[in-house]
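Down below is the structure, laid out as C-alpha cells.
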Amino acid sequence: MFDPVIAPSGTLLGLLQRGRGDGTLHALTAPRAEALAALNHCVLHDPRHDWQVENRSLYYARLHLDLDGGLDAIEAHLFDPEDVLDPEESRTGLALAVLGHLASYGRRDALALLRRYAAHGTNWAWALDELALRDDDAGLRALAEPVLARFSTDAEGEAELAAAVRDAFEPRPWRLWAEDPWPSIAARVRAARETGCFDRWQRQMRPTGPRPGWSVRAVFEWAQSGLERGAALHVPAARCLMAVAGPEDRREILEAARHGDDGARCTALRYLADSGDPGVLELIEEAVATGSTVVVQAAVDSFERMRGAVAVDRARGWARRPDVLGAAAGRVLACRGAAQDRELVLAALREAVRGEGPDAPTLWTLVDGAGRLGIACAAPVLRHIYRETASSHLRGRAARALAATDPSFPAGFAVECLWDCEETTRELAARHAETGDLRVVERLRRLAADPAEEAEVQTAVRSRIGPDAAAR
C-alpha cells in the first residue's frame, strides 16, 4: 500500500482524512454534495498511515448517518474489477468496517451489502467478521454455502479451509456452520476446525530458536543468522542471554558489543543495557560512532530503555548532540527527566518539528514529555502538531499534552475533540470540554446515548452529566 496523499489541514478533505472533530463540524455546515464527496473519498481511499492501528470507521459511519448518505459509491468500490486484481485488505477494509458500523446503527442496506460481499468479494473474511458481530444466525447460515464453495475439496483446498477457520478473527460463523443442518456443510467445517487445532498444537510442539543449555556464542550465532535472513532477532536473543549468561561471560559479551558481527553486537548492547552494566553507555556511544545502521539503531533503542539515574544524567550531556544519540537523549529526558530538563525537552521538540515535520516518529515521546513536565512554552508547538499531523494517535497525544499545558484547551480544541475519530481523544475531551458551549452539552448527551460508543468515553461523559442529563 502506498502512503496516502493527505490534503492540507485547512480543507474539508484534509480535516476528514485526519479524523479531526472539526472535519465533522465543517462537513455538517458545508453543501451536502461536497461533504459526501469528501467523505466517500476518505472511505474509498484509506487516508491512514497505519491502517491497522488508527481509527476512522466509526467516525466516518457517524458522519455518513448525519449526512444521510447512500451506499452507491461504496458498492461500486467493493465490486470494482480491481477487487480481484488487488486483494490487499487495505483496499477494502475501511469500507467494510464503515458498513459494519452502519449495520449496527440499523442500516439494512449496509447489512445486505456486507452479505453480498462476503459471498462474492475477495476480502470476504473481513466482511464475514463484520457480520459475525452484527448479523443474525439465519443471515450467517445463508453464507455457509458460498463461503465454503471458495475452497476446493481436494487436499490443498481443505488445507486452505482449515487455515481460514484457524485464523478467523471472529469464530461465530464457523461455530454455527459446524452445527449446520446440512451434513455436508457441518462435517466439512468440523473437520477443518479439528485440523486447525492440530496444526496449532504441532507448531507449539516444534518451537524454533534457542534451547536450554545453549552457550553465549550459540545465542550470538542465532541472532546473526536471523539478521542474514532479514529477521532482527537481537531482542529475543538478549532475553536468552539473561537466562544463559553468567558473570564469567561478561568479557565475551563486552567484546561482542565492541567488535562482534552486527547480530552479536546488537544483542550484546541490548543485554548490557537491560542488565545495567556500568560500561554500556560508553559502548553505546562507540556503536553510534562506528556501527552499521542496524547497530546504531539497536544502540539507540537500548539506551532509551535504560531507567537508572546514570542514564538520565548522561542524556543531559548528550541532548545537544546533532545526531541520533542526541535525539534519543531528548526522548529519554521527555520520559524520565525532571523539571530542570524542560528547556532541553522543549528544544528537542522544536527541532524535531522544524527538521522532520509534524509527523516525525520522535514526536510521540517528546509530545508526551511536554505534557508530563508541564512545559507551558510548548503550547504553540503542540497546537501546530495537533492541527497538522496526519496521525490521529499523535494528535490525541498532543491534545493530552495541551490539556496539561494550555489554559485555553477546555474552551478550544477540547470542544472539537468530542467529535474526534479516536476514542481516547473523545474521552479526554469529555473530561475537559467546557459545558458553557451548547454544542458540548448536546454532544455529551449524544455520546452517552450512543450504543456504539466506547465504555471509557461514556464513563467520562457520565462524570460531567448527571442522571437528569443536566450539565454540571
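Along the sequence shown, the residues carry numbers beginning at 1.
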Problem set entry | Smallest separation among heavy atoms of Ser392 and Arg18, with atom names | CB-O, 4.0 Å
Exercise. Going from CD on Gln17 to CG on Leu13, what distance comes out if it is rounded to the nearest 0.5 angstrom?
Worked result: 4.0 Å
Exercise. Between Trp126 and Phe169, does the ring centre distance come in under 6.0 Å?
Worked result: no
Problem set entry | Criterion side-chain contact (heavy atoms from CB on, under 4.5 Å) on Leu128 and Trp174, from CA distance to verdict | CA-CA 10 Å; Leu128 187 61; Trp174 302 101; 4.3 Å; yes
For this session: Could you walk me through whether Asp50 and Arg48 pass the side-chain contact (heavy atoms from CB on, under 4.5 Å) test, one step at a time?
Result: CA-CA 5 Å; Asp50 191 344; Arg48 295 169 293 181; 5.9 Å; no
For this session: Decide, yes or no, whether a salt bridge links Asp109 with Arg107 under the criterion of side-chain N to carboxylate O below 4.0 Å.
Result: yes
Exercise. Picking from Arg443, Arg445, Arg62, what satisfies salt bridge (charged side-chain N to carboxylate O under 4.0 Å, His left out) with Asp450?
Worked result: Arg62
Exercise. Given side chains that start at C-beta, do those of Met242 and Asp274 come closer than 4.5 Å, heavy atoms only?
Worked result: yes
Seminar exercise, completed: Here the gap from Asp180 atom CG to Leu140 atom CG, rounded to the nearest 0.5 Å, amounts to 11.5 Å
Problem set entry | Glu427/Arg431 ion pair, N-O < 4.0 Å | yes
Problem set entry | Qualifying ring-ring contact (aromatic ring centres under 6.0 Å, His included) pairs with a residue from residues 366-388, counting only residues at least two apart or across chains | Tyr386-Phe413
Exercise. Between Arg395 (side chain) and Thr389 (backbone), is there a donor-acceptor pair under 3.5 Å?
Worked result: no
Problem set entry | Which atom of Ser408 lies closest to which atom of Asp406, heavy atoms considered | OG-OD1, 2.8 Å
For this session: Mind telling me whether Trp124 and Phe151 have parallel, tilted or perpendicular rings, with 30° and 60° as the class edges?
Result: perpendicular
For this session: Check whether any side-chain N or O of Arg320 sits under 3.5 Å from a backbone N or O of Trp318 as a donor-acceptor pair, and report yes or no.
Result: no
Exercise. Under 3.5 Å, is there a donor-acceptor pair between the Thr425 and Arg400 side chains?
Worked result: no
For this session: For the pair Arg32 and Glu34, find out whether any cationic side-chain nitrogen is under 4.0 Å from an anionic carboxylate oxygen.
Result: no
Exercise. Under the criterion side chain to side chain donor-acceptor pair (under 3.5 Å), which of Asp86, Asp83, Thr122 is the partner of Arg91?
Worked result: Asp83
Seminar exercise, completed: Taken to the nearest 0.5 Å, the spacing of Ile385 CD1 from Leu402 CG works out to 9.0 Å
Exercise. Does the side chain of Glu130 reach to within under 4.5 Å of the side chain of His101, using non-hydrogen atoms?
Worked result: no
Problem set entry | Salt bridge flag under 4.0 Å for residues Asp368 and Arg372 | no
Seminar exercise, completed: Residue pairs meeting salt bridge (charged side-chain N to carboxylate O under 4.0 Å, His left out), one or both in residues 137-150, sequence neighbours left out, come to Asp137-Arg172
For this session: Give the intermediate values and the outcome of side-chain contact (heavy atoms from CB on, under 4.5 Å) for residues Tyr60 and Cys421.
Result: CA-CA 8 Å; Tyr60 292 143; Cys421 66; over 6 Å; no
Seminar exercise, completed: Applying salt bridge (charged side-chain N to carboxylate O under 4.0 Å, His left out) to Arg336 and not counting sequence neighbours gives none
Exercise. So, the side chain of His41 versus the backbone of Ala37: is there a donor-acceptor pair under 3.5 Å, distance only?
Worked result: no
Exercise. With a cut-off of under 6.0 Å to the ring centre and 45° to the axis, is Arg426 in cation-pi contact with Tyr59?
Worked result: no
Exercise. Are a donor atom and an acceptor atom from the side chains of Arg331 and Thr362 found within less than 3.5 Å of each other?
Worked result: yes
For this session: Show your working on salt bridge (charged side-chain N to carboxylate O under 4.0 Å, His left out) between Arg439 and Asp437 and close with a plain yes or no.
Result: CA-CA 5 Å; Arg439 295 177 303 168; Asp437 189 325; 3.0 Å; yes
Exercise. Can Asp420 and Arg20 be counted as an ion pair, charged N to O under 4.0 angstrom?
Worked result: no
Problem set entry | Derivation of the salt bridge (charged side-chain N to carboxylate O under 4.0 Å, His left out) call for Arg446 and Glu442 | CA-CA 6 Å; Arg446 184 169 177 178; Glu442 179 57 34; over 6 Å; no
